[in-house]
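Shown next, in structure tokens, is the structure this report addresses.
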Amino acid sequence: MPSGPEAFEEAVSLAEAASNQGNLLEAVTYYRKALTLQPERADLWKTLGNLLKQAGDLEAAIDAYQQAVTVQPDYWTAYFNIGVVWQQQEAFDRAIDAYQQALQWNPNDLDIYVNLGNCYEALNRFSEAIAAYNKILTSPSHVAAFNHADWCKLGFLFESALQFDKAEEFYQRSLALDPNFFDTRQNRALLLLRLGNFEEGWQANECRWDGGNLAPRHFRQPQWDGSPLQGRRILLHIEQGLGDTIQFIRYAPLLAQQGGRVFFQCHPLLLDLLKCVEGIDYIFPLAVDQPLPEYDVHAPLMSLPFLMGTTLETVPAQIPYIHFTEPRFQLEQPSGTTLKVGIAWAGNSNYKRDQFRSTSLKFFQPLFEVSPTITFYSLQKGPASQDIASLPASVQLVDLGNQFQDFTDTASAILQLNLVISTDTSIVHAAGALGKPVWLLLDQLGDWRWLVGREDSPWYPTVRIFRQTQLGDWKPLFEQVAAALQDFKKNRDSRY
């Protein structure tokens with residue numbers, strides 16, 4: 001049996017042969033044997049880590065890479081490989097630490113910045129992701145390798161970081177490579193609308209049917225082209241969420257003023273509420289077995305701003321346009337109440353940006369402390385309403401949400417409130433359409449419909465917008481809202 005250096009060389013030779021033949025476990029065994037003889041060989045620790053990674057033993061692979069950098073602290077490729085393994089396991093914080101270690105020894109390697117940017121983006125740390133990607137953008141060879149999807153990804157990243165000019169630049173680069181790439185077309189359409197460029201944005205947003213996210217429906221009659229209706233029957237149909245439906249049903253009276261007879265296929269939860277909208281001749285629920293009435297043309301509800309040429313200056317904002325005046329029930333009002341405030345904090349969890357727009361009830365605590373004569377009413381429905389059970393016993397919150405059967409119940413509560421405070425949910429649209437004061441709590445980017453940098457909304461004159469100044473940081477926003485609530489109550493008290 002060989003020993004010493006000969007044993008080491010034989011073990012390495014056998015390991016390499018096994019690896020070349022695809023016998024990973026055998027190769028691992030021989031490399032381990034070699035490393036017991038010469039544990040100072042950082043390169044072999046790294047090779048062992050690569051084999052273990054290939055074999056799927058990721059924990060052992062990381063241990064091997066760690067041995068490599070223990071032996072050779074400047075071994076940046078071993079740090080890089082540690083980052084790759086953590087990144088594959090979606091342990092992005094750990095991956096970032098490893099990539100940062102690699103950069104200490106090789107600060108100019110762009111592949112490290114690519115992976116670092118991906119990790120920051122996965123954690124929604126957009127500014128740091130942009131700093132990493134900006135390094136890559138200085139390399140002509142890397143930029144030349146970008147495809148249309150890469151440019152689209154960068155465009156959305158820069159848009160998320162509120163760098164809208166850069167976002168437009170990168171969307172244009174994506175479209176130059178593939179004019180039909182749906183993700184870029186859709187993202188750019190919403191960017192145009194976010195920036196108030198309605199003339200181009202509405203038309204661009206008609207691409208929303210091309211991506212497969214919305215299932216096109218087939219109708220016997222043609223889609224309306226925006227020409228005068230003059231007695232024709234137009235069938236309006238919903239396509240997206242409850243808030244979208246409430247927002248865009250405002251066009252029904254305008255269609256009636258054109259001489260159109262308006263038929264509306266409505267979500268069942270909104271049926272009783274929206275039958276109070278002027279101009280609708282016939283409203284009926286969306287149902288599989290529901291036959292359509294005879295009609296001449298049809299229109300998706302969210303195509304109406306495009307078909308009617310809505311600009312930022314001509315948004316139809318005559319409120320209330322939901323003329324619902326008789327509540328189904330009376331709110332409980334504890335003795336001493338001087339102000340009734342409804343709150344909601346979470347939307348539909350299936351919405352792709354829900355992690356940003358929704359929050360936790362715990363952040364409302366500064367509002368609960370403003371005055372004992374303010375009674376708060378929860379309008380929240382769904383799993384998020386379970387947050388109420390975790391409130392301190394000192395907080396008086398009347399839970400209404402679980403009593404609501406449809407949006408007419410919600411509207412019945414809103415009509416009796418002095419103020420509604422909510423994250424970006426359909427409740428904001430309902431309160432705005434009813435003409436009630438409503439404070440909208442937005443994440444840093446917000447949805448396209450709330451535009452950029454505004455505290456008001458052209459869609460709802462009674463909306464006041466509070467925006468995060470840093471993504472995910474709700475605390476300063478709620479402190480600002482609490483101060484505003486104190487002023488609101490003081491001003492109201494002075495009038496009575």
Side-chain angles (χ1 to χ4, degrees), residues 114 117-118 121-122 124 126 129-130 133-134 136-137 139-227 236-241 244 247-248 297-312 350-354 356 445-449 451-452:
V114 170
N118 289 335
E121 187 175 2
N124 302 317
F126 298 132
I130 284 173
Y133 288 132
N134 274 333
I136 305 161
L137 291 169
S139 166
S141 61
H142 276 70
V143 170
F146 283 177
N147 61 28
H148 59 278
D150 294 326
W151 287 117
C152 177
K153 173 184 172 180
L154 282 175
F156 187 71
L157 174 65
F158 277 76
E159 182 177 355
S160 299
L162 311 185
Q163 296 190 31
F164 303 119
D165 289 343
K166 279 289 186 183
E168 170 68 6
E169 175 190 337
F170 295 148
Y171 288 148
Q172 291 290 2
R173 289 195 181 198
S174 175
L175 293 172
L177 295 174
D178 184 353
N180 297 315
F181 186 50
F182 171 75
D183 288 354
T184 305
R185 294 167 63 208
Q186 179 70 96
N187 287 355
R188 182 172 179 270
L190 298 182
L191 173 63
L192 292 168
L193 293 174
R194 181 189 307 283
L195 297 175
N197 183 353
F198 285 2
E199 293 89 340
E200 189 178 354
W202 295 127
Q203 182 171 12
N205 195 42
E206 289 299 295
C207 78
R208 66 190 184 277
W209 300 101
D210 299 338
N213 298 324
L214 295 175
R217 298 174 59 196
H218 302 287
F219 295 89
R220 298 187 306 274
Q221 302 299 339
Q223 181 169 321
W224 182 47
D225 61 4
S227 59
L236 303 181
H237 48 94
I238 59 177
E239 57 181 273
Q240 297 188 40
D244 298 308
Q247 179 176 0
F248 293 105
V297 290
H298 75 91
L301 204 57
M302 292 186 67
S303 289
L304 292 177
F306 165 59
L307 293 168
M308 302 190 74
T310 299
T311 67
L312 192 59
N350 292 324
Y351 175 60
K352 63 182 181 181
R353 294 194 72 255
D354 189 62
F356 302 114
L445 179 63
D447 191 67
W448 61 266
R449 77 196 69 223
L451 303 171
V452 172

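For the single chain, residues carry numbers from 1 onward in sequence order.
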Inset, instruction - For the pair Leu304 and Trp224, evaluate side-chain contact (heavy atoms from CB on, under 4.5 Å) and give the outcome as yes or no after the intermediate values. - result: CA-CA 9 Å; Leu304 292 177; Trp224 182 47; 4.1 Å; yes

Validation row: [X], [Y] side chains within 4.5 angstrom (heavy atoms):
{"X": "Val143", "Y": "Arg173", "result": "yes"}
{"X": "Ile238", "Y": "Phe248", "result": "no"}
{"X": "Arg353", "Y": "Leu445", "result": "yes"}
{"X": "Glu200", "Y": "Arg188", "result": "yes"}

Inset, instruction - Applying ring pair (Phe, Tyr, Trp, His ring centres under 6.0 Å), name anything that partners Phe146, two or more places apart in sequence or on another chain. - result: Trp151

Legend entry - Test ring pair (Phe, Tyr, Trp, His ring centres under 6.0 Å) applied to Tyr133 - qualifying residues, sequence neighbours left out: none

For the atom pair [atom1] ([X]) and [atom2] ([Y]), what is the distance rounded to the nearest 0.5 Å?
{"X": "Gln186", "Y": "Leu191", "atom1": "CD", "atom2": "CG", "result": "11.5 Å"}
{"X": "Leu190", "Y": "Asp447", "atom1": "CG", "atom2": "CG", "result": "8.0 Å"}
{"X": "Arg185", "Y": "Asn180", "atom1": "CZ", "atom2": "CG", "result": "6.0 Å"}
{"X": "Leu162", "Y": "Arg194", "atom1": "CG", "atom2": "CZ", "result": "8.5 Å"}
{"X": "Leu175", "Y": "Phe170", "atom1": "CG", "atom2": "CZ", "result": "13.5 Å"}
{"X": "Leu177", "Y": "Cys152", "atom1": "CG", "atom2": "SG", "result": "11.5 Å"}

Inset, instruction - Please determine if Glu206 and Arg208 form a salt bridge, counting it only when a charged side-chain N lies under 4.0 Å from a carboxylate O. - result: yes

Legend entry - Residues, nucleotides or ligands: over 12 heavy atoms within 6.0 Å of Gln203 CD: no

Inset, instruction - Look at atom CG of Asp165 and say whether more than 12 heavy atoms of other residues, nucleotides or ligands are closer to it than 6.0 Å. - result: no

Inset, instruction - Assess whether side-chain contact (heavy atoms from CB on, under 4.5 Å) is satisfied between Asn205 and Phe306, documenting all intermediate values. - result: CA-CA 9 Å; Asn205 195 42; Phe306 165 59; over 6 Å; no

If every non-hydrogen atom of [X] is compared with every non-hydrogen atom of [Y], which pair is closest and at what distance?
{"X": "Phe181", "Y": "Ser174", "value": "CD2-OG, 4.0 Å"}
{"X": "Phe198", "Y": "Thr310", "value": "CB-O, 3.5 Å"}
{"X": "His298", "Y": "Gln221", "value": "CD2-O, 3.2 Å"}
{"X": "Leu312", "Y": "Gly196", "value": "CB-O, 4.1 Å"}
{"X": "Ala161", "Y": "Phe126", "value": "CB-CB, 4.1 Å"}
{"X": "Leu301", "Y": "Glu239", "value": "N-OE2, 4.0 Å"}

Inset, instruction - Any chance you could lay out the side-chain contact (heavy atoms from CB on, under 4.5 Å) test for Thr184 and His148, step after step, and finish with the verdict? - result: CA-CA 8 Å; Thr184 305; His148 59 278; 5.7 Å; no

Inset, instruction - Kindly determine whether Asn124 and Phe356 satisfy side-chain contact (heavy atoms from CB on, under 4.5 Å), including the steps that lead there. - result: CA-CA 10 Å; Asn124 302 317; Phe356 302 114; 3.3 Å; yes

